[in-house]
K.L.:
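Take a look at this one; I'll ask things after.
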Amino acid sequence: MKKIFILFLLLACSVFVFSQAFVKNSDQKRSMKADKNYVKSEKAISERNNTSKDENVIWSQDFEGEIADWNFGHLDAANSINWTVGDAAQAIQSSGFYWISDLPDRGPTWLEETLFPWQKSAYIDVIGSSSESDFGGPGQDLAKAYIQIDDIPLSNASNPKLIFSQRFRKLNGVAAYVEWKSSDATNWTRVQINADAANNAWISDDVEILLTGAAGVDNLSVRWLWDNVTMPNAGYNLGYWWIIDNVEIVEADEYDLSLNDFRVSSFYVTDYHGSDAIGVTDDGTQYNKFFHYSSYYGTYAKDVDQGANNILMFHGIVKNMGSENVTPGIKIDVYAEGDEENIIWTETKYNTNTLAPGAMDTVDIWYLDEDGENYFDLNLCEIGSYVVKFEAVIEESEDENPNNGINYSYFKVTQDIYSRNYNDEPRSYMGPSGWESGGSDGDKMGAYFMFYNATDIYGIDYYLSSNTEIGTAIEFSVLQQDPNSGEWVSKTSQRVDIESAEMAGKWHSFDFDIPVQITKIENSISAVMLAATFYYGGGKTLFIGNDNAHNASYHSTLWYFLNGTSDGWIGLINATNMTPSLSFRTTPLPEPTVVCPDNITIAMDTIDANNSTICFSGATPTGGIYSGDNVADNCMNVFGLPNGEYTITYTYEEEACTFKVKLNPTYVPSLEDLGINIYPNPTNGDLRIDNIKGATVEILNTMGQVINRIENANEFNTVDISEFANGTYFVKIILDGKVGVERINLTK
């Protein structure tokens with residue numbers, strides 16, 4: 001039964017894909033890793049996944065010291081595009097980083113904290129020539145620019161491996177390479193990096209390359225080459241950036257299997273082990289694409305009865321980074337968040353073929369035996385949040401470097417919310433105006449859903465960006481696809497006008513006037529879209545939040561541009577891994593009950609005189625107004641106020657409640673006072689901090705210096721402080737206007 005079902009799923013997926021106009025295959029292999037740690041995921045500041053053994057490091061460079069031995073140049077005509085070594089402040093002044101992002105929440109501060117987490121880096125920022133004078137400034141010609149280091153001694157290396165951290169973003173015909181040879185040789189060995197990165201998608205990860213042919217070479221040259229390929233007949237060549245740092249050459253282990261990508265799929269998946277498995281890079285080189293389609297859902301509703309189809313499938317791209325042939329596999333553990341000791345489902349599968357050093361392959365876990373049993377059934381899950389742990393494993397031996405073979409994905413099970421996003425707070429924003437062909441009134445975007453059974457939809461939830469302006473509007477629609485014609489048929493629509501600034505930066509919900517019935521289509525998936533039509537009120541800002549931390553397929557988000565070339569809904573390659581924060585709800589909204597925060601005590605000596613405001617949150621339902629003494633725009637100005645109690649009123653529609661704010665010069669509550677858990681203490685580097693959703697977290701040393709900072713934290717967080725020296729540190733948490741401090745000891 002299950003074997004037949006999977007064939008049907010693949011067929012259903014194909015019918016959907018080919019029914020869409022102008023849908024192209026997304027070649028994005030890699031995206032932000034789904035680690036809930038804010039430092040590693042929400043800002044995509046990745047730390048070295050491969051923690052090299054000190055005795056294995058042969059040569060290293062972090063660009064902090066003398067760089068006189070590095071060479072900078074071009075393979076073709078010399079021009080003004082060059083590699084540079086510098087810090088974030090230096091990079092911000094360059095023309096290329098003017099176009100740091102197409103999203104409104106990413107400005108110079110985002111660039112400094114996200115793209116340049118290191119003190120100094122080597123980078124190239126290329127925008128290229130264009131007919132638009134403001135697109136990156138002065139035009140540039142073909143730029144095969146490189147940064148190169150010579151005479152690296154590897155005379156004692158038997159299996160050298162290059163590791164470096166990178167930030168990368170391409171546009172159009174950009175190719176990036178790492179090349180190496182002995183300094184006196186003529187020909188270079190070349191590996192293309194980020195060969196299948198999607199346009200506009202930016203990558204933050206650590207790259208590992210086996211330096212074939214470099215064993216025993218006493219004068220190795222290595223260079224990073226940016227090839228800003230001219231687009232045929234287009235008259236311009238465009239790119240964004242490539243940033244590298246923390247470069248090491250290490251002695252590779254015999255057994256080392258890395259996890260290069262990972263996916264959780266629902267309902268369908270397309271596996272590229274057939275005739276579609278070959279892609280072509282910009283220079284004509286063929287490469288294996290492995291899998292790219294998957295159907296990730298961040299939140300599943302028990303009310304949406306998918307029956308026997310209520311399953312998850314798991315896929316990992318693995319690469320042999322060791323010196324021996326290996327049989328690759330993946331091990332999957334699923335457990336409730338915060339309860340890793342109690343695994344509710346585990347499975348390990350090995351491929352039948354072996355991998356040579358440097359080779360890659362996909363390992364899939366979907367149906368595991370001839371009877372179609374032993375798959376992961378979502379009915380195993382109660383309501384709550386869950387973790388999927390991926391681990392690359394080797395059949396022949398223990399992995400000698402397991403750190404680069406582990407990562408995590410997440411999903412929720414709720415009673416009545418069905419959504420593609422997992423995170424309650426979106427990581428960024430998206431909308432038609434963020435794309436060159438969009439931004440006109442009437443342009444649309446939507447999230448694609450699948451149903452196997454009839455379901456009643458009572459309403460939706462959506463998130464408005466914090467910079468959404470008054471005078472804009474969104475019309476939300478529910479559409480179902482006709483399986484015969486492929487046309488999307490509207491079942492209902494409802495308009496929301498943005499009439500108050502308080503609507504920005506919040507979740508909102510509404511019920512439909514009449515519940516929408518998703519009808520059952522016999523022997524087929526019911527394709528349903530939750531769509532938003534944008535109206536900009538004369539060029540104002542309007543965006544919806546999105547959760548870009550998970551590997552959703554590019555057609556999970558569909559677009560409709562009035563001034564584009566398509567006459568229907570399309571899937572954009574540029575939208576890979578981007579799903580709007582739109583949720584179906586299968587129960588009606590409850591009557592609102594206003595709940596105020598508990599009374600707040602604030603230590604006045606923690607208030608910065610240059611930023612002496614306390615902004616309130618925590619009252620429900622969200623979207624109301626805080627008022628009271630010295631309160632404006634939901635924030636209280638405490639500068640110059642005497643110590644004592646102040647009354648704050650929270651008003652939602654016609655209901656109101658009050659709470660007290662006590663200003664106290666000496667009170668510093670402990671984290672326990674605030675209901676916050678932090679453990680273990682002492683710690684060897686990983687701190688778990690629970691119950692701090694929306695908080696600001698600061699790690700301070702004994703001198704009071706902030707050495708790590710997290711803003712808008714998740715409810716459950718893991719903070720890695722293992723890079724710091726053993727000793728005493730302080731965790732300071734600011735939550736709902738309250739400040740708590742706790743001493744911790746780091747012992748590695």
Side-chain angles (χ1 to χ4, degrees), residues 61 63 66-87 90-100 115-116 120-131 133 135-152 162 164 166-195 197 199 202-203 207 209 211 219-245 247 281-285:
Q61 173 64 259
F63 301 107
E66 180 63 42
I67 60 166
D69 294 336
W70 288 81
N71 299 317
F72 304 82
H74 298 80
L75 299 187
D76 291 335
N79 53 38
S80 58
I81 304 174
N82 287 288
W83 282 85
T84 304
V85 173
D87 56 20
Q90 194 172 331
I92 290 172
Q93 304 303 317
S94 62
S95 62
F97 283 101
Y98 169 76
W99 283 84
I100 58 175
L115 293 186
F116 286 84
K120 286 188 177 180
S121 309
Y123 64 88
I124 185 168
D125 54 325
V126 181
I127 288 296
S129 60
S130 171
S131 59
S133 60
F135 194 71
Q140 307 291 350
D141 295 323
L142 187 65
K144 292 185 177 180
Y146 62 81
I147 179 172
Q148 178 176 326
I149 182 70
D150 298 315
D151 297 325
I152 301 174
L162 174 70
F164 63 92
Q166 69 162 350
R167 306 289 187 265
F168 178 84
R169 191 181 187 200
K170 67 173 286 187
L171 181 62
N172 299 330
V174 168
Y177 303 96
V178 171
E179 300 179 324
W180 64 93
K181 68 177 183 67
S182 63
S183 299
D184 52 359
T186 302
N187 297 322
W188 293 82
T189 299
R190 166 182 287 191
V191 171
Q192 184 169 357
I193 307 301
N194 312 317
N199 273 330
W202 65 281
I203 290 171
V207 179
I209 301 171
L211 297 175
N219 56 349
L220 188 73
S221 294
V222 180
R223 68 185 179 194
W224 288 255
L225 175 66
W226 171 284
D227 191 355
N228 197 30
V229 181
T230 300
M231 296 186 67
N233 305 317
Y236 58 86
N237 45 292
L238 304 171
Y240 279 102
W241 58 70
W242 194 13
I243 308 168
I244 65 171
D245 205 346
V247 184
T281 64
D282 295 320
D283 66 349
T285 303

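Model, not experiment: these values are computed from the prediction.
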K.L.:
Among residues at least two apart in sequence or on other chains, which ones pass side-chain hydrogen bond (donor to acceptor under 3.5 Å, both in side chains) with Asp184?
P.N.:
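For Asp184, the residues satisfying side-chain hydrogen bond (donor to acceptor under 3.5 Å, both in side chains) (neighbours in sequence not counted) are Ser182.
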
K.L.:
Which residues pass the side-chain hydrogen bond (donor to acceptor under 3.5 Å, both in side chains) test with Asp151, sequence neighbours left out?
P.N.:
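Residues passing side-chain hydrogen bond (donor to acceptor under 3.5 Å, both in side chains) with Asp151: Ser183.
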
K.L.:
Return the set of residues passing ring pair (Phe, Tyr, Trp, His ring centres under 6.0 Å) with Phe63 (not counting sequence neighbours), or none when no residue passes.
P.N.:
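Per chain and number, Phe63 pairs via ring pair (Phe, Tyr, Trp, His ring centres under 6.0 Å) with Trp70.
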
K.L.:
Atom CD1 of Ile209 and atom CD of Glu179: how far apart are they, to the nearest 0.5 Å?
P.N.:
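Ile209 atom CD1 to Glu179 atom CD measures 10.5 Å (nearest 0.5 Å).
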
K.L.:
Could you grab the distance from atom CD1 of Ile203 to atom CZ of Arg167, nearest 0.5 Å is fine?
P.N.:
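So the gap between those two atoms works out to 11.5 Å.
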
K.L.:
For Asp87 and Phe116, work out which heavy atoms get closest and say how close.
P.N.:
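Closest approach of Asp87 to Phe116: C-CD2, 4.2 Å.
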
K.L.:
Is the shortest side-chain heavy-atom distance between Ile149 and Gln61 below 4.5 Å?
P.N.:
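No. Closest side-chain heavy atoms not under 4.5 Å.
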
K.L.:
So, using side-chain hydrogen bond (donor to acceptor under 3.5 Å, both in side chains) as the criterion, who are the partners of Asp69 when residues are at least two apart?
P.N.:
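With neighbours one apart ignored, the set is empty.
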
K.L.:
Any side-chain heavy atom of Val207 within less than 4.5 Å of one from Phe168?
P.N.:
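Side chain of Val207 against side chain of Phe168, heavy atoms only: no contact under 4.5 Å found.
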
K.L.:
Check side-chain hydrogen bond (donor to acceptor under 3.5 Å, both in side chains) between Thr84 and all other residues, then give those that pass, not counting sequence neighbours.
P.N.:
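Applying side-chain hydrogen bond (donor to acceptor under 3.5 Å, both in side chains) to Thr84 gives none.
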
K.L.:
Could you tell me if the side chain of Leu75 sits less than 4.5 Å from the side chain of Asp227, heavy atoms only?
P.N.:
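With C-beta onward as the side chain, the pair stays apart.
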
K.L.:
Identify the heavy atoms of Ser121 and Ile244 that sit nearest to each other, and give their distance.
P.N.:
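Result for this residue pair: CB-O, 3.6 Å.
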
K.L.:
Apply the side-chain contact (heavy atoms from CB on, under 4.5 Å) test between Trp180 and each candidate in Leu211, Leu162, Ile152; give the one that qualifies.
P.N.:
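So the option named by the test is Leu211.
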
K.L.:
Applying side chain to side chain contact (heavy atoms under 4.5 Å, CB included), run through Ile147 and Ile124 and close with a yes or a no.
P.N.:
CA-CA 9 Å; Ile147 179 172; Ile124 185 168; over 6 Å; no

K.L.:
Could you state the interatomic distance from CD1 (Ile193) to CD (Gln166), rounded to the nearest 0.5 Å?
P.N.:
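Spacing of CD1 (Ile193) from CD (Gln166) equals 7.0 Å.
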
K.L.:
Given the rule in the ring-ring contact (aromatic ring centres under 6.0 Å, His included) test, do Trp224 and Phe164 qualify, once you have shown the distances and angles that lead to the verdict?
P.N.:
CA-CA 11 Å; Trp224 288 255; Phe164 63 92; 5.7 Å; yes

K.L.:
Once ring pair (Phe, Tyr, Trp, His ring centres under 6.0 Å) is applied, do any residues pair with Trp83, and if so which ones, sequence neighbours excluded?
P.N.:
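Per chain and number, Trp83 pairs via ring pair (Phe, Tyr, Trp, His ring centres under 6.0 Å) with Trp242.
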
K.L.:
Please report the shortest heavy-atom distance between Tyr146 and His74, naming the atom on each side.
P.N.:
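Minimum heavy-atom contact is CE2-N, 3.4 Å.
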
K.L.:
Give the minimum heavy-atom separation between Leu220 and Lys181, together with the two atoms involved.
P.N.:
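Reported closest heavy-atom pair: CD1-O, 3.4 Å.
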
